[in-house]
There are 2 protein chains.
Amino acid sequence: MTISEENYLKVIYHLSLVSPKGVNTNAIAGMLDTKASSVTDMLKKLAEKDVVTYKKYQGVSLTNNGLLQAKKIVRRHRLWEVFLVEKLQFTWDEVHEIAEELEHIKSEKLINSLDAYLDFPAFDPHGDPIPNEKGEIKKQEKQLLSEMPTGVVCKCVGVKDSSADFLQYLDKQKITLGSEIKILEKETFDELIKVEVDAKEVILSNKIAVNLYVQ
Amino acid sequence: MTISEENYLKVIYHLSLVSPKGVNTNAIAGMLDTKASSVTDMLKKLAEKDVVTYKKYQGVSLTNNGLLQAKKIVRRHRLWEVFLVEKLQFTWDEVHEIAEELEHIKSEKLINSLDAYLDFPAFDPHGDPIPNEKGEIKKQEKQLLSEMPTGVVCKCVGVKDSSADFLQYLDKQKITLGSEIKILEKETFDELIKVEVDAKEVILSNKIAVNLYVQ
DNA sequence: AATTAAATTTAGACAAAACTAAAAATATTT
DNA sequence: AAATATTTTTAGTTTTGTCTAAATTTAATT
C-alpha cells in the first residue's frame, strides 16, 4: 500500500464512523483536499485491491480487510502521538501533523515495540481510542459537555475537534485532558456555559461545548 | 524535497566520502538499485535545485547546501537507529531498514527533541558518527582490525559493512560494539586472525578483519 | 592513433496520482 | 412530472520518477 492509498483508507474509515451506510466521494475529496474525480480514480483502485466495496454513484465502504488495514493506520498514528507527548514533551496541539507522517512507517515490530514501550496506552493525547494489535478498540463512554446538566462535576476525556486552533484555545482556558469541570450555569438564550476549571470561573461558548467530551 | 530526492542526496553524500572528486552516475545507480538513465534525470533536477554541481559526463558533487541537507538526512537516520536500539530494544542488525523510512520525517522539532531524549549521542549503533544540528561531525580515530599488530588488545568501535548478514555473523562470534579483542596471532599465508573475545579464542577471516573498526 | 569497451546521456514511453472540463446519474425543487 | 441543482464519473492532460533502446562521450587496448 502506498502512502496515498493509506490516506484514502484512513479517511474512509473516519467518515464511515459517521455515515456507516456508505461514504460520499465528495466527502472524501473534502477531507483529502483533492478533487472528486481523483477520488473516483482511487476508489476503483482500492476496490481492485479488495479493501473497499464500491459501486458507481453509491459511495464506498470498507471491506473487513480494509477495516483492519485502516485500524492499523489509526493505531500507528495514535501511538506516535502518545510517544510525542509522553516521551518528547510535545503538546497535544503539535502532534497531529507529525503523526500524519509517522503513521506510514509500516514495520509491525516497530509499532508493537513502541506500544509496549508506551505501556499499551488505550487512548491518545486527544482522548481517542488506540486500536490494539488485533484492531480491537476500547470504547469509552463519554458525552459532549453541551449535553451535561447544570451543577454536575465532570472530567474532560477527549475532544471532537482536534485542530491545533481548538486545542490551543482550550489550553488558554486551562482545560486539558483530565481537567475537572464544574458546570455552574447554562444560558439557554445564547447557549453560553459558565464553568469552573482550576478553581476559576470561565465562560465557554457553545462551539466549545459541542466539541469537548466529558465523563 | 521528495523522498526520492533525499535518497539520491544521501547516496551521493556517502559515495563522495570515498571519491571526493566527483561521484559516478553508475555508482549512484548501483546504490539505489536503479538505472543510470534515471540517475542522469535526477541529477539534472538536483542541479536545478542547487544541491549538486553537475557537469555532463563528469560526475556530481554536493554543493554546500546539498551537503548540509545530506547530513540532516544522515543525522535523522542515525538518531532513529539509536532510538530503536536504546529504547525499543532492537538489535543492531534490525535497525537500518526501519531507519531508511524514518529518516524522511522532516520535522526539525521532532529530530531535535529526539536528539535530546537520547542524550545527544555522538555515534549510532554501528559506530558511525551522528551529525549535530549544525551538521558538525565528531570524528573518531579508528583503524581496521586487519591493520592492528599481533599482541595488542583493542576495542570494537564500529563496522565498515553494516549489512544484517555481517552484523549477525559478528553476534555469533560474540563481537559487538565495545567488545575487547586481543589479537593472538596473524597468519600471513591466508590472512586468518586468531583473537580472544569474551575469554574465548576465535578465528576471524580477512573479510571480517577488513570490515571491523577498532581502537 | 585507431579500435574497442565502458560509462553516460538522450529520446521516447509508462505507471501513479493528481488535475480540468465535460458528460452522466442522482437528488431536489418547483 | 418536469426542471434544476448537485454529485459523481469519464475522458483527456500533467508531473514525477522510472524504464528501454539508441546515441554519444570518455576510457582503455591493441
Side-chain angles (χ1 to χ4, degrees), chain A residues 1-16 18-62 66 69-70 73 100-101 103-104 106, chain B residues 1-16 18-62 66 69-70 73 100-101 103-104 106:
Chain A
M1 281 232 283
T2 66
I3 290 177
S4 188
E5 287 170 341
E6 287 198 341
N7 283 331
Y8 274 91
L9 266 201
K10 186 183 49 165
V11 161
I12 294 168
Y13 171 73
H14 287 310
L15 290 172
S16 66
V18 184
S19 50
K21 54 198 60 181
V23 176
N24 294 336
T25 301
N26 260 357
I28 298 169
M31 294 278 276
L32 286 171
D33 205 31
T34 184
K35 295 294 152 71
S37 56
S38 308
V39 174
T40 303
D41 286 345
M42 183 58 95
L43 293 184
K44 286 178 185 167
K45 196 200 293 188
L46 293 175
E48 249 337 281
K49 296 197 171 185
D50 276 320
V51 288
V52 302
T53 54
Y54 167 63
K55 278 203 173 162
K56 275 190 192 180
Y57 298 101
Q58 304 308 134
V60 274
S61 47
L62 296 168
Q69 298 292 318
I73 301 163
E100 279 299 285
E101 298 191 52
E103 72 187 2
H104 300 293
K106 278 177 274 295
Chain B
M1 278 231 283
T2 66
I3 290 178
S4 188
E5 288 170 341
E6 288 197 340
N7 283 332
Y8 274 92
L9 266 201
K10 185 183 51 166
V11 160
I12 295 168
Y13 171 72
H14 287 310
L15 289 172
S16 67
V18 184
S19 49
K21 53 198 63 184
V23 177
N24 293 337
T25 301
N26 261 357
I28 298 169
M31 294 279 277
L32 285 171
D33 206 31
T34 185
K35 295 296 153 72
S37 57
S38 308
V39 175
T40 302
D41 287 345
M42 183 58 93
L43 294 184
K44 286 177 185 167
K45 196 198 294 185
L46 293 176
E48 250 338 281
K49 295 196 171 186
D50 277 320
V51 288
V52 303
T53 54
Y54 167 63
K55 278 206 173 162
K56 276 189 192 181
Y57 298 102
Q58 306 307 135
V60 274
S61 45
L62 295 170
Q69 299 293 318
I73 301 163
E100 282 295 288
E101 300 191 51
E103 72 187 5
H104 299 294
K106 279 176 275 293

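Letters A, B, ... mirror the listed sequences (proteins, then strands); counts begin at 1. Since this is a predicted model, take the numbers as computed values, not measurements. What's counted below: heavy atoms across the whole structure, side chains too, no hydrogens, waters or symmetry copies.
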Taken in chain and number order and not counting sequence neighbours, the residues that satisfy side chain to side chain contact (heavy atoms under 4.5 Å, CB included) with B/S61 are B/T53
Separation of B/L32 atom CG from D/dT18 atom P, in whole Å? 8 Å
Tell me which of A/I3 and B/V23 sits closer to the 5' end of DNA chain C, going by the nucleotide each one is nearest to. B/V23
Tell me: NZ of A/K44 to P of D/dT10, nearest whole Å? 4 Å
Please work out which residues in residues 47-56 of chain A have a non-hydrogen atom less than 4.0 Å from an atom of DNA chain D and list them by number. A/Y54, A/K56
Hunt down any stem DNA chain D takes part in, defined as 3 or more consecutive Watson-Crick or G-U pairs whose two distances are each under 3.5 Å. C:1-30 with D:1-30
Check the distance between D/dT9's P and A/Q58's CD and give it to me in whole angstrom. 9 Å
Sequence neighbours excluded, the answer for side chain to side chain contact (heavy atoms under 4.5 Å, CB included) partners of A/Q58 is A/K55
Side chain to side chain donor-acceptor pair (under 3.5 Å) partners for A/E101, two or more places apart: none
For B/T25, report the nucleic acid contact type (base, sugar-phosphate, nothing); a contact means any heavy atom under 4.0 Å. sugar-phosphate
Mind calculating the distance between CG (B/L43) and P (C/dT9) to the nearest angstrom? 7 Å
Checking B/K49 now: which residues fulfil side chain to side chain donor-acceptor pair (under 3.5 Å) with it, not counting sequence neighbours? B/E5
Under the salt bridge (charged side-chain N to carboxylate O under 4.0 Å, His left out) test, residues paired with A/K106 that sit two or more places apart: A/E6
Taking atom C1' of D/dT16 as reference, at what distance in whole Å does atom CD of B/E6 sit? 16 Å
Show me, pair by pair, the donor-acceptor contacts under 3.5 angstrom made by side chains of residues 25-40 of chain B, not counting sequence neighbours?
{"residue": "B/T40", "atom": "OG1", "partner": "B/A36", "partner atom": "O", "Å": "3.2"}

What is the per-nucleotide protein-contact pattern of nucleotides 18-24 of chain C, from the 5' end, where B denotes a base atom under 4.0 Å from a protein heavy atom, S denotes such proximity for sugar-phosphate atoms only, and - denotes neither? SBBB--B
Under a 4.5 Å cut-off applied to non-hydrogen side-chain atoms, are A/L46 and A/V60 in contact? no
